[in-house]
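Atom set for the values below is all heavy atoms of this structure, side chains included, hydrogens, waters and symmetry mates excluded. A note on names: the letters A, B, ... follow the listed sequences, proteins ahead of strands, and every chain is numbered from 1.
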Amino acid sequence: DGGITQSPKYLFRKEGQNVTLSCEQNLNHDAMYWYRQDPGQGLRLIYYSQIVNDFQKGDIAEGYSVSREKKESFPLTVTSAQKNPTAFYLCASRSKAGVRNIQYFGAGTRLSVL
Amino acid sequence: KNEVEQSPQNLTAQEGEFITINCSYSVGISALHWLQQHPGGGIVSLFMLSSGKKKHGRLIATINIQEKHSSLHITASHPRDSAVYICAVLPMDSNYQLIWGAGTKLIIKP
């Protein structure tokens, strides 16, 4: 079945450590997105990519980095510069960055700081 | 002021009740999405609307573009409908980036 796979489901980070969250899709979608969700707040866009080897910062990109070397993969690295990384992270994809195309979501990764 | 406001923030109802969740927005939009997030965190798209009304099973979504308002209705609610329902809008001048509401937490008691 086609879909978006995020891993791991739960992740713990030590102070000063970089961690990478995986997002893989087999939907052949061009556009991929990373969101952060905090309690009581709407999703906030971290980074997005509309095509391989290209990505743009979202609203809260500081302390995060991404790569898009393959169409199906869009990993997110939470760097030590992100001082408040504890949150729920959602990856999404869309066939093309267009109005009529629905965004599909992964199951999410919950990141906590030790 | 948030550009997308949902109400209520929390809603608890008895099984069988008719549920209404509201979404108001302040920008011109190309489309509005309703999504469902279950306790495990995964999100599922329910509807995408640009005008009128859509129905899927017990779920109905309506939108009034002039009033900048949308509603999500659930008929004959069931405990399995318990989830967070999220409204998101696609502004007309956006680079296809959604603006998200904070969500409405719905609990249906048996």
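- B/Val44 forms part of no hydrophobic cluster, judged by ILVMFWY side-chain heavy-atom separations under 4.5 Å.
- For A/Gln37, the part sitting under 4.5 Å from any heavy atom of chain B is the side chain, from C-beta outward, and nothing else.
- With a 4.5 angstrom heavy-atom cutoff, B/Leu35 touches chain A only via side-chain atoms.
- At a 4.5 Å heavy-atom cutoff, B/Gln6 makes no contact with chain A through either its backbone or its side chain.
- Looking at A/Leu45, the atoms closer than 4.5 Å to chain B (heavy atoms on both sides) all sit in the side chain, from C-beta outward.
- The minimum heavy-atom distance linking B/Ser70 with B/Trp34 is given by the pair OG-NE1, 2.9 Å.
- Heavy atoms of B/Ile86 lying under 4.5 Å from chain A belong exclusively to its side chain.
- For B/His33 and B/Phe47, the ring centers are positioned 6.0 Å apart or more.
- In summary, A/Asp30 and A/Lys71 engage in a salt bridge, as defined by a charged side-chain N under 4.0 Å from a carboxylate O.
- A/Tyr64 belongs to a hydrophobic cluster whose remaining members, ordered by chain and number, are A/Leu11, A/Val19, A/Leu21, A/Met32, A/Trp34, A/Ile46, A/Tyr47, A/Phe55, A/Ile60, A/Val66, A/Phe74, A/Leu76, A/Val78, A/Tyr89, A/Leu111; membership requires side-chain heavy atoms of ILVMFWY residues under 4.5 Å apart, directly or through intermediates.
- For A/Tyr104, no part sits under 4.5 Å from any heavy atom of chain B, backbone or side chain.
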